[in-house]
Amino acid sequence: MTGPASLPIGIFDSGVGGLTVLRAVHDLLPNEELVYLGDTARLPYGTKSPESVQRYALHAAEYLVQRGIKLLVVACNTASAVALDVLRHRLAPVPVIGVVEPGAAAATTLSKSHHYLVLATEATSQRRAYTRAITALQPGAIIEELPCSLFVALAEEGWHEGDIADSIAEQYLGVVRARSAADRPDVAVLGCTHFPLLKPAIARSLGPGIAIVDSATTTAAAVGKELARADLGAIHQAQDERISLIATDGAARFARVGSAFLGKAFTASDIEIVDIHPSDLNDRLP
Ligand code: DGL
């Protein structure tokens, strides 16, 4: 018997960054089939207008829904910050999980001073989605949102380690390390799924005493919770790993850079390249 529970979970990001979330979902829910879409043809999302990000996110989400998914994970902070409500409205009854609230939840469990630094793309920072999400959990918290858009390019280039990564991290974050201890946050949130690979460079520039957190593990937990609530969990034990990787451009680059994000090697032949042509419907936002 097949039903919605046997469908895969859809996960999308503008590029390879969301593979860190895919990895966490797979680790927590190994019986689930996963289909990942990296919208590499339109990357980066983080420097685009909210209207463009909403349109791109809808195209990606509706493409996955048409292929058949039981739940969507928006493994992109920018799309979560800008388009989550629109996606939930348009995809209902398919549940949609974003990464901002799980990221905020992870951060608030770690902070003693309730002073946070959120590193994100320009679009996410402008939206102040983390400020709202953290404040909802911890009224009175101090939240600084710092756009670090160049980290996305570094990650997509595979340059997350080395002198260039260190020097760009220093440019963005050296000022935080230079502050007095009382003025420094005690938690830095990686508010972009491209940033976890840059964690060593970010940690060096921030200096000691600042915990660095991302949303992958807590997002996976939110997915597990929602599957249980909606009674959509995979019924059968998986015999082998069922992960499909899709991108909208550049299979070779996706494989080269994405392997580090996924934590295991794959090649261009493992990637399906698709054109996610918008229908007329897709372009009319609610
Ligand atoms: N990985 C995405 C995020 O979490 C965005 C990167 C980009 O396309 O700018 O915000």
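Numbering of ligands and ligand atoms starts at 1, following listing order. Because only heavy atoms are used, hydrogens play no part in the values below, and waters and symmetry mates are left out as well, while side chains stay in. Everything numeric here is computed off the predicted structure, so don't read it as measured data.
Contact check on Glu144 versus Arg184 returns no salt bridge, with no Lys/Arg side-chain nitrogen under 4.0 Å from an Asp/Glu carboxylate oxygen.
In the model, Thr131 has a side-chain atom that pairs as donor or acceptor with a side-chain atom of Glu145 under 3.5 Å. A donor atom on one side chain and an acceptor atom on the other are not found under 3.5 Å apart for His26 and Glu32. Side-chain atoms of Thr121 and Thr124 include a donor-acceptor pair closer than 3.5 Å. For the 3.5 Å distance criterion, the side chains of Ser113 and Asp186 qualify, holding a donor opposite an acceptor.
Applying the 4.0 Å criterion to heavy atoms of Tyr45 picks out, from ligand 1, the atoms 7 (C), 8 (O), 9 (O). Residue Val152 has at least one heavy-atom neighbour below 4.0 Å for each of these atoms of ligand 1: 6 (C), 7 (C), 9 (O). Residue Asp13 has at least one heavy-atom neighbour below 4.0 Å for each of these atoms of ligand 1: 1 (N), 2 (C). Of all atoms in ligand 1, numbered sequentially from 1 with element shown, those under 4.0 Å from a heavy atom of His194 are 1 (N), 2 (C), 6 (C). Near Ser14, meaning under 4.0 Å from any of its heavy atoms, are these atoms of ligand 1: 5 (C), 6 (C), 7 (C), 8 (O).
Contacts between Asn77 and ligand 1 below 4.0 angstrom, taking non-hydrogen atoms only, involve backbone and side chain alike. Residue contacts with ligand 1 for Thr121 involve side-chain atoms from C-beta outward but no N, CA, C or O (heavy atoms, distance under 4.0 Å).
Side-chain atoms of Thr248 never come within 3.5 Å of backbone atoms of Asp275 as a donor-acceptor pair (strictly under, hydrogens ignored). Looking only at distances, no side-chain donor or acceptor of Ser205 sits under 3.5 Å from a matching main-chain atom of Ile202. Remark: the backbone N or O of Thr267 is paired with a side-chain donor or acceptor of Asp270 at under 3.5 angstrom.
For Cys76, the closest heavy-atom approach to ligand 1 falls below 4.0 Å. Judged by the shortest distance from any of its heavy atoms, Gly17 lies outside the 4.0 Å radius around the atoms of ligand 1.
Shortest contact from atom 10 (O) of ligand 1 to any protein heavy atom: Thr78 OG1, 2.7 Å. Among all protein heavy atoms, the one lying closest to atom 9 (O) of ligand 1 is Gly46 N, 2.8 Å.
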